[in-house]
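Before any comments, here is the structure.
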Amino acid sequence: MHTDTERCVRAVQSKDARFDGWFFTAVLTTRIYCRPSCPVVPPKPENMTFYPSAAACQLAGFRACKRCRPDTSPGSPEWNQRADLVARAMRLVADGVVDREGVPGLAARLGYSTRQVERQLLAELGAGPLALARAQRAQTARILIETTPLPMADIAFAAGFASIRTFNDTVREVFALSPSELRVRLPKKRTSASTTSTSTSTSTSTSTSTSAPGALTLRLPFRAPLNPDNLFGHLAATAVPGVEEWRDGAYRRTLRLPYGHGIVGLTPQPDHIACRLALSDLRDLTVAISRCRRLLDLDADPVAVDDQLRTDPLLAPLVDKAPGRRVPRTVDEAEFAVRAVLGQQVSTAAARTHAARLVIAHGDPVDDPEGGLTHLFPAPEALAAVDPEALAMPRTRRTTFTTLVDQLADGSLNLGVESDWTQTRAQLLALPGFGPWTVDVIAMRALGDPDAFLPTDLGIRRAAQELGLPSTPAALTARAAAWRPWRAYAVQYLWATDSHPINFLPV
């Protein structure tokens with residue numbers, strides 16, 4: 001979009017927040033870059049230039065605006081709706097792969113040479129993987145500076161910087177302030193948190209509470225509108241005891257992370273998602289935020305989705321009644337695939353019971369001072385070591401389960417953010433006991449394919465019939481061609497016609 005100068009200028013002049021994250025405005029006279037909705041007086045069009053990423057702005061010598069804080073914009077929806085090399089690379093960068101494995105590790109995961117990956121990213125984003133990862137480290141550092149009393153040296157390494165000097169230089173270059181000056185600029189009530197707990201946010205508001213050691217409270221932005229009913233309703237209704245819970249208006253769950261584990265609480269608010277994170281290792285902060293955003297589909301563009309679905313006169317009333325529905329996704333793709341198998345041809349309650357048994361027997365225990373969470377969901381390696389005869393399920397499903405976890409454990413099946421959707425679908429369909437419904441629900445919620453569709457789902461067929469849509473799988477698939485590439489969102493609107501608990505925000 002950044003190449004369409006006229007459209008970008010109109011978005012900036014109207015301060016249209018829908019375009020935050022789609023592009024960044026760099027002001028030639030002040031050498032500052034902003035989000036499109038920056039509250040200051042818009043610059044003259046001839047003084048504006050546009051970039052596709054914050055990293056590209058930084059490479060060109062612009063610093064972040066202190067008013068609109070463009071680094072806190074929602075991510076571009078492009079990377080979640082595409083499955084090409086650039087989109088897969090961007091999802092891996094957000095997941096911290098460059099910091100942990102370097103550019104060679106990123107290229108190896110994608111199956112391309114480092115030169116090809118760098119060339120593709122530079123062509124589309126104006127910045128290579130190192131610059132993109134550097135911009136993300138700067139954002140993580142700013143969060144830690146503003147939300148913790150940690151010493152700057154600890155923040156530097158937690159944010160992924162190789163040295164304190166690099167940390168200081170990057171923060172000065174990106175924000176035009178030293179790390180200490182960033183912290184001094186905060187109101188005192190935001191820097192007076194105890195050494196055992198930090199409760200603050202990326203805005204000027206804060207709260208105090210009794211909390212777990214190292215707990216951080218952040219605001220996760222999204223593009224409005226966002227309807228939380230089916231999003232949080234689905235997560236709460238299918239929650240696995242010990243791993244997930246709904247408590248005091250928040251969805252809470254445990255997280256398995258690269259350097260340790262964490263517990264997150266996510267609470268829907270009118271203009272953001274309140275995110276409370278307790279991490280065993282602060283180096284996991286970037287990854288944890290990325291996975292929470294992915295779980296709640298916060299980088300989606302609901303206006304584009306809903307506008308497309310409204311073109312069907314039978315879907316339009318559902319969209320108009322409750323716009324902004326998101327696809328509830330997952331923080332762990334392998335976990336979701338296992339749970340999809342456990343849920344085959346059984347009720348939601350039975351699926352939760354099966355999963356809870358596995359968690360108690362094979363999950364890693366965790367402490368949760370603020371709630372009732374007890375375990376991490378078992379890793380594929382732990383499930384692959386389970387005696388098949390000990391599994392309380394029919395023999396055919398037992399075969400499906402053991403085949404799946406064996407392939408996840410040995411790496412022959414990869415469901416990560418870098419996976420090729422077409423190839424992964426073919427691999428899943430080749431597994432015993434995997435039919436179209438199981439593959440499509442994994443594609444929709446684990447792989448993140450926005451066009452995944454479930455024409456054989458009984459709830460979808462029943463909703464289609466009640467609305468006057470075709471109810472046979474073939475005819476419904478043909479009708480749904482007009483909904484592409486957003487058929488996964490159409491699934492959410494169709495499911496929402498039912499009275500199942502997944503469609504209602506818990507009270």
Side-chain angles (χ1 to χ4, degrees), residues 225-241 243-247 249-253 266-268 295-297 300 302 305-306 309 312 314-331 335-356 435-446 449-450 452-473 476 480 483 486-507:
L226 183 143
N227 188 317
D229 295 356
N230 72 299
L231 182 61
F232 285 90
H234 205 125
L235 296 172
T238 59
V240 176
V243 175
E244 303 166 287
E245 67 176 0
W246 181 265
R247 180 183 292 264
Y251 166 75
R252 305 180 72 247
R253 70 154 294 149
L266 298 164
T267 307
L295 169 71
L296 301 181
D297 196 17
V305 172
D306 290 350
L309 298 183
D312 190 312
L314 297 181
L315 269 187
L318 300 182
V319 178
D320 292 336
K321 179 181 178 181
R325 292 194 184 275
R326 301 297 207 271
V327 178
R329 295 202 165 115
T330 183
V331 296
E335 172 192 317
F336 183 82
V338 170
R339 291 171 61 173
V341 169
L342 296 177
Q344 287 179 334
Q345 299 178 343
V346 298
S347 67
T348 299
R352 295 178 66 209
T353 300
H354 287 316
W437 185 92
T438 304
V439 172
D440 284 328
V441 79
I442 291 174
M444 180 173 67
R445 296 194 55 197
D449 183 353
F453 192 50
L454 307 174
T456 61
D457 182 87
L458 292 179
I460 296 297
R461 294 179 63 186
R462 183 165 56 245
Q465 187 172 23
E466 291 175 357
L467 290 172
L469 292 164
S471 58
T472 62
L476 184 57
W483 307 341
W486 311 116
R487 293 185 300 177
Y489 294 87
V491 168
Q492 308 310 311
Y493 282 106
L494 291 171
W495 269 341
T497 62
D498 192 72
S499 59
H500 194 283
I502 65 170
N503 294 316
F504 301 96
L505 194 66
V507 293

| request: Examine distances only and state if a side-chain atom of Asn230 and a backbone atom of Ile502 form a donor-acceptor pair shorter than 3.5 Å. | output: no
| Under a 4.5 Å cut-off applied to non-hydrogen side-chain atoms, are Gln344 and Thr438 in contact? | yes
| field | Closest non-hydrogen atom pair, Arg461 against Ser471 | value | NE-O, 2.9 Å
| Would Thr330 and Glu335 count as having a side-chain donor-acceptor pair, cut-off 3.5 Å? | no
| said: Run Trp246 and Leu505 through side-chain contact (heavy atoms from CB on, under 4.5 Å) and show every step you take. | reply: CA-CA 10 Å; Trp246 181 265; Leu505 194 66; 4.1 Å; yes
| query | Can you tell me how far the CD1 atom of Ile442 sits from the CZ atom of Arg339, to the nearest 0.5 Å? | reply | 12.5 Å
| message | Using modelled atom types and a 3.5 Å cut-off, is there a donor and acceptor pairing between side-chain atoms of Arg329 and backbone atoms of Met444? | response | yes
| note | Looking only at heavy atoms, the pair that brings Ala340 and Val441 closest together is CB-CG1, 4.3 Å
| request: Test side-chain contact (heavy atoms from CB on, under 4.5 Å) on Leu295 and Leu266 and set out the steps. | output: CA-CA 10 Å; Leu295 169 71; Leu266 298 164; 3.8 Å; yes
| request: Mark yes or no for whether Asp306, through its side chain, and Val319, through its backbone, hold a donor-acceptor pair below 3.5 Å. | output: no
| request: Give, for atom OH of Tyr251 and atom CD of Glu244, the distance between the pair rounded to the nearest 0.5 Å. | output: 3.5 Å
| Any donor-acceptor N or O pair under 3.5 Å, side chains Asn503, Trp495 | no
Scan the side chains in residues 231-241 for donor-acceptor partners under 3.5 Å anywhere in the protein, sequence neighbours excluded, and list what turns up.
residue : atom : partner : partner atom : Å
His234  : NE2  : Arg445  : NH1          : 3.2
Thr238  : OG1  : His234  : O            : 2.7

| Beyond-backbone contact of Pro302 with Leu226, side-chain heavy atoms, under 4.5 angstrom | no
| query | For the atom pair CH2 (Trp483) and CG (Asp312), what is the distance rounded to the nearest 0.5 Å? | reply | 5.5 Å
| field | From Asp457 atom CG to Leu476 atom CG, the distance as rounded to the nearest 0.5 Å | value | 10.5 Å
| remark: Value for CD1 (Ile460) from OG1 (Thr497), rounded to nearest 0.5 Å, stands at 7.5 Å
| field | Test side-chain contact (heavy atoms from CB on, under 4.5 Å) applied to Leu494 and Leu469, step by step | value | CA-CA 11 Å; Leu494 291 171; Leu469 292 164; 4.1 Å; yes
| message | Using side-chain heavy atoms (C-beta onward) and a distance below 4.5 Å, is Phe453 in contact with Asp440? | response | no
| query | Just checking, any donor-acceptor pair under 3.5 angstrom between side chains of Asn227 and Tyr493? | reply | no
| said: Testing the basics here: between Ala350 and Val346, what is the closest heavy-atom pair and its distance to 0.1 Å? | reply: CB-CB, 3.9 Å
| task | Applying side-chain contact (heavy atoms from CB on, under 4.5 Å), run through Leu296 and Arg326 and close with a yes or a no. | result | CA-CA 7 Å; Leu296 301 181; Arg326 301 297 207 271; over 6 Å; no
